[in-house]
Amino acid sequence: MKFNKKILEPGASFLYKLFRYALLIGISYVVVFPIIKMVSSSLTPAYELYTEDSGFLPDRPTFENFVHAMFGENAKFQYLEYAKNSAKIAIIGTALQLFSCSLVGYGLGRYKFKGNAIVYACVLFTIILPVQTAIIPLYYEYCWFDIFGIGKIIGLFTGKTFTVNILRNYMAFYVPALVAVGFNSGIYIFLFRQFFASMPKDLEEAAKIDGCNPLTIYLRVMVPNIKPVVVTVALLSVIYYWNDSLLSNVFILKDKDGMTLMVALEEAVSRQSFFNTGIDHMSFQAERYAIILASVTPLMIFFLIGQKFFVECMDRSGSKG
C-alpha cells in the first residue's frame, strides 16, 4: 500500500511549525523569565514576597521598594550618585573610543601599508587577551604613567623621571580609550575596519579628484556613511563601561564621589543584612530587586533604541575582509 505524499505533507508541515514555535517559546521563556521575575519582585511589598499565598505577580504592586532603597531621605543606596559616576565614564569613554578606534579602523581598512597585516593581527590578539592578565601591568603603568617616554627624557636633564599617577580617578579609563588601546578596543577597531573595507572605492576616488586629502575624505566622505557601526560601537562600549566592576574596583575610588554603579551594587547585595531573617530580610530582598532593575533599565532602553543599527552593522561587517 502506497501513501500519498501530498496527504502527509500538510501534517508534517504542521508538526514542524509546532516544534519550531515550541522551541522558540521555550528559549524565550528561559531568557525573559528572569527579567519578568525581577520586575515582579521589585514591585512586590516586602511582607508579600515570601508569604505562602504570594503568586508570580504581586497582589498589590508598589513602588515603595524603589523609594526606600534609592530615593528616600534615608535611602540605603545612593543610586543617582553612583549612576552619575557610571554615566561619566560611559559617555566620555565611549566618545573617545569612537574617535580613536574609527581612525585606526579607517587606516587599516582603506590603506595597504607595510606591516598592515601585523598591526591587524595585534589588534585581533587583543580581543582574545583576558582582562585579568593585564591588570597587574596596567596598575604598575598607571601608578607611574609616562606619556610616550617624555618623562624619561625630562629625567635626563633633571635627574628624576617625571611620571603621573592616574589611578583613583577616571583618567585610568579615558587615557587608554583616547589612544585606542582600552579594553575591548580591539573589537571596535575590527568592526570599523570591516565596515570601512566594505565601502566602495569609487567614493574615495571621487573625493581625491575633487582635491580632498585623506583627513578630509575621512571626515566628509567616510564618517557620514558609518552610522550603523558608530551606533553599534557606542552601544557595546556604553554597556561595557556601565557593567564593569572588575576594573572599577582596581582603578577607581570606592567612595560616593567616585564609586561606579556596579561596584556599589556588588557591595549592596553582599551586605550582612542579606543573611538576616524576618521582615528586615524580606525588605532587603525586595529592595535589592528594585536596585538591580533600576541598574539595568538604562541599558535595556539604550539597546532597544540601537538594535536596528546593531543588526545592520553585524551584517555588513562580515561582507568583506
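Please read these numbers as outputs of a predicted model, since none were measured by experiment.
- Atom CZ of residue F33 and atom OG of residue S40 lie 9.0 Å apart, to the nearest 0.5 angstrom.
- For the pair M171/V164, no side-chain contact is recorded, criterion being any heavy-atom separation below 4.5 Å from C-beta on.
- The two residues D244 and M262 come nearest to each other via the heavy atoms O-CB, 3.7 Å.
- Annotation: the span from C143 atom SG to Y139 atom OH amounts to 4.5 Å, rounded to 0.5 Å.
- Proximity of a side-chain donor or acceptor of S41 to a complementary backbone N or O of Y289 within less than 3.5 Å is not detected.
- Within 6.0 Å of CD1 in I136 there are 12 or fewer heavy atoms belonging to other residues, nucleotides or ligands.
- Aromatic ring centroids of Y170 and F251 lie 6.0 Å or more apart.
- S102 places a side-chain N or O within donor-acceptor distance of the main-chain N or O of L98, the cut-off being under 3.5 Å.
- A donor-acceptor contact shorter than 3.5 Å links the side chain of N169 to the backbone of L167.
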Could you list the donor-acceptor pairs under 3.5 angstrom formed by side chains in residues 175-186, with sequence neighbours left out?
| residue | atom | partner | partner atom | Å |
| --- | --- | --- | --- | --- |
| S185 | OG | Q97 | OE1 | 2.8 |
| S185 | OG | G182 | N | 3.0 |
| S185 | OG | G182 | O | 2.9 |

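- Checking F99, Y111, F192 one by one against Y106, the ring-ring contact (aromatic ring centres under 6.0 Å, His included) holds for a single residue, Y111.
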- Determine, step by step, whether I89 and I252 satisfy the side chain to side chain contact (heavy atoms under 4.5 Å, CB included) criterion, reporting the C-alpha distance in whole Å, the side-chain angles of both residues, the deciding distance to 0.1 Å, and the verdict. CA-CA 11 Å; I89 298 176; I252 297 181; 3.4 Å; yes
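- Note that CD1 of I135 is 8.0 Å distant from CG of L138, once rounded to the nearest 0.5 Å.
- Between F173 and Y241, the ring-plane angle classifies as perpendicular under the 30° and 60° cut-offs.
- For the residue pair S100 / Y188, no side-chain donor-acceptor distance below 3.5 Å is found, with atom types taken as modelled.
- Note: L124 CG to R193 CZ = 8.5 Å, rounded to the nearest 0.5 Å.
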- Message: The test is side chain to side chain contact (heavy atoms under 4.5 Å, CB included); show your working for L261 and Y79 and say whether it passes.
- Response: CA-CA 7 Å; L261 182 60; Y79 174 80; 3.9 Å; yes
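- Sparse packing is recorded around CD1 of I118, with 12 or fewer heavy atoms of other residues, nucleotides or ligands lying under 6.0 Å away.
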- Task: Take N165 and W144, measure what side chain to side chain contact (heavy atoms under 4.5 Å, CB included) needs, and give me the verdict at the end.
- Result: CA-CA 5 Å; N165 186 350; W144 298 277; over 6 Å; no
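- Under a 3.5 Å cut-off, the side chain of R110 and the backbone N or O of P214 do not form any donor-acceptor pair.
- Interatomic distance, OH of Y240 versus CG of L299, reported as 14.0 Å (0.5 Å rounding).
- Looking at Q194 and V229, their side chains never come closer than 4.5 Å, going by heavy atoms from C-beta outward.
- Annotation: side chain of P228 is in contact with side chain of F195 (closest heavy-atom distance under 4.5 Å).
- Annotation: side chain of M259 is not in contact with side chain of E81 (no heavy-atom distance under 4.5 Å).
- Atom OH of Y29 is surrounded by 12 or fewer heavy atoms from other residues, nucleotides or ligands within 6.0 Å.
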